[in-house]
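Worth knowing before you read on, the calculation uses all heavy atoms, side chains too, and leaves out hydrogens, waters and symmetry mates. Order of appearance sets the numbers: ligands from 1, and atoms from 1 within every ligand. Because the structure is predicted, anything quoted here is derived from the model rather than measured.
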Amino acid sequence: MVVLRSKKEIAGMRRAGDLVVRALALLRPHVRAGVRLRELDRLVEEFIRSEGGDPTYKGYRPSPAVSPFPATICTAVNEEIVHGIPGPRRLRDGDVVGIDVGATLGGWVGDTCYTYPVGDVSPRAGKLLSVTRECLEAGVAEVGPGRRFGDVGAAIQELAEHHGYGVVRELGGHGVGHELHEEPHINHFGRRGHGMRFREGMTLTLEPMINEGTHEIRFLEDGWTVVTADGKLSAQYEHTIAVTSDGCEILTPWHLLMREAARLV
Ligand code: MG
């Protein structure tokens, strides 16, 4: 069932979105060579709790077959696409690291992801980050009442494939509200004019995962970490959005706080 949210409910989601954006901004100076991923996780958990929120991912279990997610953030370094568990690994100069943050505040979930360059990254890594951001922006630009999910998927896929990149198929955007994962699912690939229509009050994520090479994926043995099948780089950016009467509102506006970081990539 797809739930449509009132303006008052969306105001609650805006506060949750603001919290995860501030977590991304807080992380920025700490995402550097030598830091351990679990240190970043601890920073974000302490911050979210200090603001009265709860880490949404911690303990999350999509099915009984999977062990509960043990951390506050998901990390994805280089060929990792999503859902890496932050452990003792140290970041190195030239890495790219996607950090996914979810927080529940006042009963509403904010969900966002930003891929950070660590120190000086290669031109090809920098280009992947730039194009992946552009893919998210291109998807957001297609959202509005009456538009189709396929319009968003096509816009993202066309841009990614124009650069020779692969769009991950198995994972997509999702409805979000009181729960992290609600209906509907939205693909980051597709055909214009096809799929469900957007309606005012829908709240969902767009979170394209763009691979430097093949779109194919595999899972690591921890049951969580998803990596590229060919070992090439992957990047991801995510917004939580609300469909408005004439387009959409970005509820996780990290692009306003992270202008300087944006210029780096
Ligand atoms: Mg998400």
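Considering just the N/O/S atoms of H174, the one nearest the Mg ion (ligand 1) carries the name NE2. If you look at E238 and ask which of its N, O or S atoms sits nearest the Mg ion (ligand 1), the answer is OE2. The N, O or S atom of D111 lying closest to the Mg ion (ligand 1) is OD2. Among heteroatoms of the N, O or S kind in E207, OE2 lies nearest the Mg ion (ligand 1).
For the pair R169 and F189, the distance from NZ or CZ to the six-membered ring centre is under 6.0 Å and the angle to the ring normal is within 45 degrees.
Judged purely by distance below 3.5 Å, without hydrogens or angles, the side chains of E207 and H174 pair a donor atom with an acceptor atom.
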Can you check side-chain hydrogen bond (donor to acceptor under 3.5 Å, both in side chains) on T104 and T56, steps first, answer last? CA-CA 6 Å; T104 307; T56 311; 2.8 Å; yes
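Ring geometry for W108 against H178 counts as parallel: the plane angle stays under 30°, on a 0 to 90° scale with 60° as the upper cut.
Looking at residues two or more places apart in sequence or on another chain, you find a ring pair (Phe, Tyr, Trp, His ring centres under 6.0 Å) between Y60 and H181.
Within the 2.8 Å limit, C113 places no N, O or S atom next to the Mg ion (ligand 1).
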